[in-house]
Undergrad: 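I'd like to ask some things about the structure below.
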Amino acid sequence: MYNKTIILRYGEIYLKGKNQKLFKKTLTNNIKKCLKDYDCSLEILWSRYILKCNDKDLDEIIEKLKFVFGLVSLSVAVEVDAKRTTIENYFSKIKTNAKTFRVTVIRADKSFPIKSIEFEKILGGYVLENNPNLKVKLKNPEQEIRVEIRDNFKAYIYDSEVTLAGGLPLGTSGRGLLLLSGGIDSPVAGYLTAKRGMYFQALHFHSYPYTSEQAKQKVITLAKKINKFCPSLKVNFVSITKIQEEIHKNCSPEYMITLMRRFMFRIAEIIAKRKRLQAIITGENLGQVASQTVESMTSTQDVLKQIITLQPCISMDKTEIIAVSEKIGTYETSILPYEDCCTVFLPKNPIIKPRLENVRREESKLDIDRLVEESIATLETIDCF
Ligand code: ATP
Ligand code: MG
């Protein structure tokens with residue numbers, strides 16, 4: 001027998017009309033997968049899940065559920081039979097330290113014989129009897145005691161709510177490829193995309209031996225954290241050392257980053273196609289650095305043939321990105337000071353507003369297809385879970 005009951009609420013799936021079944025099935029599977037290591041049971045109701053577990057696992061389970069997209073909130077509740085006398089009996093024993101309170105009754109089971117407002121007054125009366133200094137306050141009370149009478153002949157009583165991630169169940173919006181650097185923005189971009197239901201794999205470009213083994217380990221550590229909200233995460237590592245050396249040798253230095261990013265996007269599209277991933281996700285942010293002006297982004301996207309890019313951080317302020325990064329637990333790792341491939345052969349004056357014809361002219365000095373092919377040949381895929 002379990003001694004804790006959690007009532008779980010889902011959000012936007014309500015709006016999904018005919019697809020609702022599919023969304024709910026995916027959400028149910030995701031909850032089960034997330035809790036596979038715990039002894040617990042999941043009951044599916046019309047618009048709620050009822051999860052039962054043991055007290056010792058409660059805190060850990062709540063932490064895990066914060067990363068299940070599609071769930072909006074939860075409450076740890078007391079479950080009683082949905083009978084008037086049973087509920088009244090429970091209320092007649094409530095003791096509280098609050099000064100003001102209200103009772104809210106939610107009747108999902110409309111066959112319950114008393115109307116919600118009437119029942120609220122009755123139950124409130126029991127609480128007042130037991131707590132002589134307590135006052136009723138309908139707006140912003142210190143304590144709100146809620147009773148949900150559900151369609152399984154049970155009632156759930158609770159007085160607090162934990163906010164969960166919201167969004168759509170992971171897997172209901174296709175599959176993408178996250179360009180994962182070691183920085184702050186790209187894990188956040190992954191989180192925000194997964195939150196809208198897109199499952200992803202990651203792709204990291206390194207410039208070994210210019211970048212170190214520690215830089216790679218940092219990406220693996222980040223990936224393990226990302227795995228919390230995008231389980232079974234695979235990270236693809238590709239070397240772009242040769243490409244950077246060739247650009248450095250043959251092209252004008254201010255185009256280094258622009259050209260390197262064009263190669264990254266070409267390679268990303270090919271890998272995405274091979275792995276049947278439908279979009280490239282990046283942590284790009286308008287105006288953040290020289291490579292993220294509208295002209296720079298135009299010149300990198302120029303190489304893409306048949307794939308879209310998603311840039312969920314595009315309009316966020318750095319402080320907003322950092323707040324998400326802290327919430328999802330990637331910030332501490334992201335700020336570790338290991339070098340990224342973008343810092344190798346970094347030009348003094350990178351071009352800020354490149355013109356496409358000049359970029360193409362610089363690039364024509366290189367054997368593009370051969371370099372792309374050689375780079376993809378270095379692909380190494382690691383399971384980060
Ligand atoms: P981040 O944006 O992750 O904080 P950053 O700001 O240093 O790192 P930028 O140079 O701004 O990275 O690059 C913009 C985006 O390009 C990154 O968010 C990421 O999606 C992608 N990117 C940059 N470097 C790499 C890399 N080494 N491997 C894979 N993707 C990368
Ligand atoms: Mg960035």
Side-chain angles (χ1 to χ4, degrees), residues 170 173-194 198-208 210-213 215-227 229-244 257-285 291-292 297 300-314 330 333-334 338-344 368 371-385:
L170 190 68
S173 296
R175 290 152 48 85
L177 181 63
L178 171 68
L179 300 194
L180 179 64
S181 67
I184 296 168
D185 307 334
S186 44
V188 171
Y191 175 80
L192 294 173
T193 318
M198 182 175 274
Y199 177 79
F200 61 80
Q201 288 194 16
L203 170 59
H204 177 76
F205 295 99
H206 63 85
S207 317
Y208 189 77
Y210 301 107
T211 54
S212 64
E213 181 58 32
K216 182 178 177 185
Q217 280 309 321
K218 174 180 171 179
V219 173
I220 293 176
T221 308
L222 275 178
K224 289 196 168 140
K225 296 187 167 180
I226 292 171
N227 199 52
F229 56 83
C230 187
S232 311
L233 182 68
K234 287 181 190 306
V235 183
N236 301 284
F237 288 89
V238 165
S239 165
I240 50 163
T241 312
K242 189 76 193 297
I243 292 171
Q244 289 179 298
I257 302 249
T258 310
L259 296 183
M260 185 185 76
R261 291 186 69 79
R262 281 167 68 91
F263 276 95
M264 283 180 170
F265 275 62
R266 279 194 184 94
I267 293 165
E269 179 167 9
I270 294 169
I271 291 177
K273 281 275 139 63
R274 283 193 194 165
K275 296 180 178 283
R276 295 171 192 247
L277 305 170
Q278 302 153 292
I280 295 174
I281 307 155
T282 77
E284 285 168 305
N285 177 249
S291 64
Q292 292 169 34
M297 288 194 280
T300 44
Q301 304 237 354
D302 172 55
V303 302
L304 297 177
K305 296 197 174 87
Q306 249 191 348
I307 194 159
I308 58 158
T309 59
L310 299 176
Q311 302 138 321
C313 300
I314 198 75
T330 51
T333 311
S334 290
Y338 297 119
E339 68 293 335
D340 182 62
C341 68
C342 298
T343 56
V344 176
I368 299 169
L371 286 170
V372 167
E373 216 173 282
E374 284 176 6
S375 181
I376 290 179
T378 67
L379 174 65
E380 178 200 6
T381 304
I382 298 183
D383 288 334
C384 287
F385 46 92

Undergrad: Using the side-chain hydrogen bond (donor to acceptor under 3.5 Å, both in side chains) criterion, which residues pair with Ser181? Sequence neighbours excluded.
TA: Ser186
Undergrad: Who pairs with Ser173 by side-chain hydrogen bond (donor to acceptor under 3.5 Å, both in side chains), at least two apart in sequence or on another chain?
TA: none
Undergrad: Please check: side-chain N/O of Lys273 versus main-chain N/O of Gln306, any donor-acceptor pairing under 3.5 Å?
TA: yes
Undergrad: Nearest 0.5 angstrom please: Thr282 OG1 to Gln311 CD, how far?
TA: 4.5 Å
Undergrad: Can you name the residues that form a side-chain hydrogen bond (donor to acceptor under 3.5 Å, both in side chains) with Thr378, not counting sequence neighbours?
TA: none
Undergrad: Please name the pair of heavy atoms, one in Asn227 and one in Ser232, separated by the smallest distance, quoted to 0.1 Å.
TA: OD1-N, 3.0 Å
Undergrad: Which distance, rounded to the nearest 0.5 Å, do you find between the CD of Gln244 and the OG1 of Thr241?
TA: 6.5 Å
Undergrad: To the nearest 0.5 angstrom, please state how far the CG atom of Leu379 sits from the CD1 atom of Ile270.
TA: 11.5 Å
Undergrad: Mind checking what makes side-chain contact (heavy atoms from CB on, under 4.5 Å) contact with Ala189, not counting sequence neighbours?
TA: Leu178, Ile281, Pro312, Cys313
Undergrad: List in chain and number order the residues that pass side-chain hydrogen bond (donor to acceptor under 3.5 Å, both in side chains) with Thr221, two or more places apart in sequence or in another chain; answer none if no residue qualifies.
TA: none
Undergrad: Count the heavy atoms belonging to other residues, nucleotides or ligands that lie under 6.0 Å from OH of Tyr208, then report whether that count exceeds 12.
TA: no
Undergrad: From Asp185 CG over to Leu179 CG, what is the distance, rounded to the nearest 0.5 angstrom?
TA: 12.5 Å
Undergrad: side-chain contact (heavy atoms from CB on, under 4.5 Å), that's the test. Do Phe237 and Val219 meet it? Break it down for me.
TA: CA-CA 10 Å; Phe237 288 89; Val219 173; 4.0 Å; yes
Undergrad: Go through the structure and list residues passing side-chain contact (heavy atoms from CB on, under 4.5 Å) with Gln278, not counting sequence neighbours.
TA: Arg175
Undergrad: Closest approach of Ala202 and Leu233, non-hydrogen atoms and distance?
TA: N-CD1, 4.2 Å
Undergrad: Taking all heavy atoms of Glu269 and all of Leu304, pick out the closest pair and write down the distance.
TA: OE1-CA, 3.3 Å
Undergrad: Do Phe263 and Val238 have side-chain heavy atoms sitting under 4.5 Å apart?
TA: no
Undergrad: Can you sort out the partners of Ile308 under side-chain contact (heavy atoms from CB on, under 4.5 Å), two or more places apart, ordered by chain and number?
TA: Ala279, Leu310
Undergrad: Do Val235 and Ile220 make a side-chain contact, defined as non-hydrogen atoms from C-beta onward lying under 4.5 Å apart?
TA: no
Undergrad: Under the ring-ring contact (aromatic ring centres under 6.0 Å, His included) test, which residues partner His206, sequence neighbours left out?
TA: none
Undergrad: Not counting sequence neighbours, list each pair that qualifies as a salt bridge (charged side-chain N to carboxylate O under 4.0 Å, His left out) and has a residue in residues 374-385.
TA: Lys216-Glu380, Lys234-Asp383, Lys242-Glu374, Arg370-Glu374
Undergrad: Contact between Ile226 and Pro187 at the side-chain level, heavy atoms closer than 4.5 Å - yes or no?
TA: yes
Undergrad: Go through the structure and list residues passing salt bridge (Lys or Arg N to Asp or Glu O under 4.0 Å) with Lys275, not counting sequence neighbours.
TA: none
Undergrad: Working to the nearest 0.5 angstrom, can you tell me the gap between Asn285 CG and Met297 CE?
TA: 8.0 Å
Undergrad: Grab the two heavy atoms, one from Phe229 and one from Gly190, that are nearest each other, plus how far apart they are.
TA: CE1-C, 4.0 Å
Undergrad: Could you tell me whether the side chain of Ile267 reaches within less than 4.5 Å of the side chain of Phe205, counting heavy atoms only?
TA: yes
Undergrad: Could you tell me which residues satisfy side-chain contact (heavy atoms from CB on, under 4.5 Å) with Ile184, sequence neighbours excluded, listed by chain and number?
TA: Lys318, Ile321, Ile322, Ser325, Tyr331, Ser334, Ile335
Undergrad: What's the separation between atom CD1 in Ile243 and atom CG in Leu259, rounded to the nearest 0.5 Å?
TA: 10.5 Å
Undergrad: Tell me which one of Ile271, Leu203, Thr309 satisfies side-chain contact (heavy atoms from CB on, under 4.5 Å) with Ile280.
TA: Thr309
Undergrad: So is Arg262 actually on top of Phe265's ring, under 6.0 Å and inside 45° of the axis?
TA: no
Undergrad: Could you tell me which residues satisfy salt bridge (Lys or Arg N to Asp or Glu O under 4.0 Å) with Arg261, sequence neighbours excluded, listed by chain and number?
TA: Glu284
